[in-house]
Amino acid sequence: MASILETAMLVCFGLSWPINLVKAIKAKTAKATSLKFLLLITFGYICGIGAKIALGQFNYVFAVYILNLVIVSANIVVYFINVRSDKKAEKVE
């Protein structure tokens with residue numbers, strides 16, 4: 001039961017990351033994005049993955065942690081792409 005509830009939490013929380021990723025790609029700016037927040041979330045997912053590894057629990061919950069980590073990592077990549085875009089736009093002005 002605990003794994004089901006943990007997965008539900010991860011899925012509910014994790015649904016926001018693809019939405020955020022698409023929004024960041026469309027916005028083409030990093031001005032409303034917090035790198036510190038993204039890194040904190042990444043650290044949290046890494047800790048969750050570490051806990052699953054330490055307990056030897058390689059199940060669907062582990063897979064959801066990995067999926068969320070990949071999507072948040074993509075958000076970080078887009079953040080840096082958008083920062084570069086912001087810097088180019090500042091030079092043009």
Side-chain angles (χ1 to χ4, degrees):
M1 183 64 166
S3 290
I4 292 170
L5 293 172
E6 184 177 13
T7 301
M9 180 274 302
L10 287 169
V11 168
C12 291
F13 190 68
L15 286 175
S16 64
W17 293 117
I19 295 166
N20 189 61
L21 181 60
V22 170
K23 181 181 172 187
I25 291 168
K26 287 181 180 179
K28 297 183 180 177
T29 182
K31 292 181 180 176
T33 305
S34 169
L35 179 59
K36 290 178 185 178
F37 177 74
L38 291 173
L39 293 175
L40 185 62
I41 296 299
T42 300
F43 180 71
Y45 283 133
I46 291 169
C47 289
I49 291 167
K52 293 297 177 187
I53 291 171
L55 294 170
Q57 295 179 345
F58 300 99
N59 54 19
Y60 58 91
V61 179
F62 182 79
V64 176
Y65 272 113
I66 296 293
L67 178 62
N68 285 352
L69 179 61
V70 167
I71 296 170
V72 173
S73 297
N75 272 278
I76 292 171
V77 170
V78 170
Y79 170 83
F80 284 109
I81 291 169
N82 287 346
V83 164
R84 186 173 24 173
S85 177
D86 289 343
K87 287 180 180 177
K88 286 181 184 178
E90 287 175 8
K91 287 181 181 178
V92 172
E93 293 176 0

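Values in this document were obtained by computation on a predicted structure and should not be read as measured data.
- In this structure, I46 CD1 and I66 CD1 are separated by 9.5 Å, a value rounded to the nearest 0.5 Å.
- Using a 4.5 Å heavy-atom cutoff, the side chains of I81 and R84 are in contact.
- Residues L40 and V72 do not share a hydrophobic cluster, clusters being chains of Ile/Leu/Val/Met/Phe/Trp/Tyr side chains in contact below 4.5 Å.
- Hydrophobic clustering keeps L35 apart from V78 (ILVMFWY residues linked when any side-chain heavy atoms are closer than 4.5 Å, directly or through intermediates).
- Nearest heavy atoms, N68 versus G14: OD1-CA, 3.5 Å.
- Under the 4.5 Å side-chain contact rule for hydrophobic residues, F58 and Y60 share a cluster.
- At most 12 non-hydrogen atoms from other residues, nucleotides or ligands lie less than 6.0 angstrom from CZ of F43.
- Contact record, F62 with Q57: CB-O, 3.7 Å, taken as the closest heavy-atom pair.
- Every residue two or more places apart in sequence or in another chain was checked for a side chain to side chain donor-acceptor pair (under 3.5 Å) with S85, and none qualifies.
- Going from atom CD1 of I49 over to atom OH of Y65 covers 8.5 Å, rounded to the nearest 0.5 Å.
- Between I76 and T42, some side-chain heavy-atom pair lies under the 4.5 Å cut-off.
- The shortest side-chain heavy-atom distance between V70 and W17 does not fall under the 4.5 Å cut-off.
- Going from atom NZ of K23 over to atom OG1 of T33 covers 8.0 Å, rounded to the nearest 0.5 Å.
- With contacts defined as side-chain heavy-atom distances shorter than 4.5 Å, the pair S34/L38 does not qualify.
- The backbone N or O of N75 lies less than 3.5 Å from no partner atom in the side chain of N20, so there is not a single donor-acceptor pair.
- Following chains of ILVMFWY side-chain contacts shorter than 4.5 Å, one can reach M9 starting from I71, so the two form part of one hydrophobic cluster.
- There is no path of hydrophobic side-chain contacts, each under 4.5 Å, that joins L39 to L21.
- To the nearest 0.5 angstrom, Y79 atom OH is 14.0 Å from F37 atom CZ.
- Rounded to the nearest 0.5 Å, atoms CG (N59) and NZ (K52) are 5.5 Å apart.
- Scanning both residues, V61 and S3, for their nearest heavy atoms gives CG2-O, 3.4 Å.
- Within the model, atoms CD1 of I41 and CG of L69 stand 11.5 Å from one another, a figure rounded to the nearest 0.5 Å.
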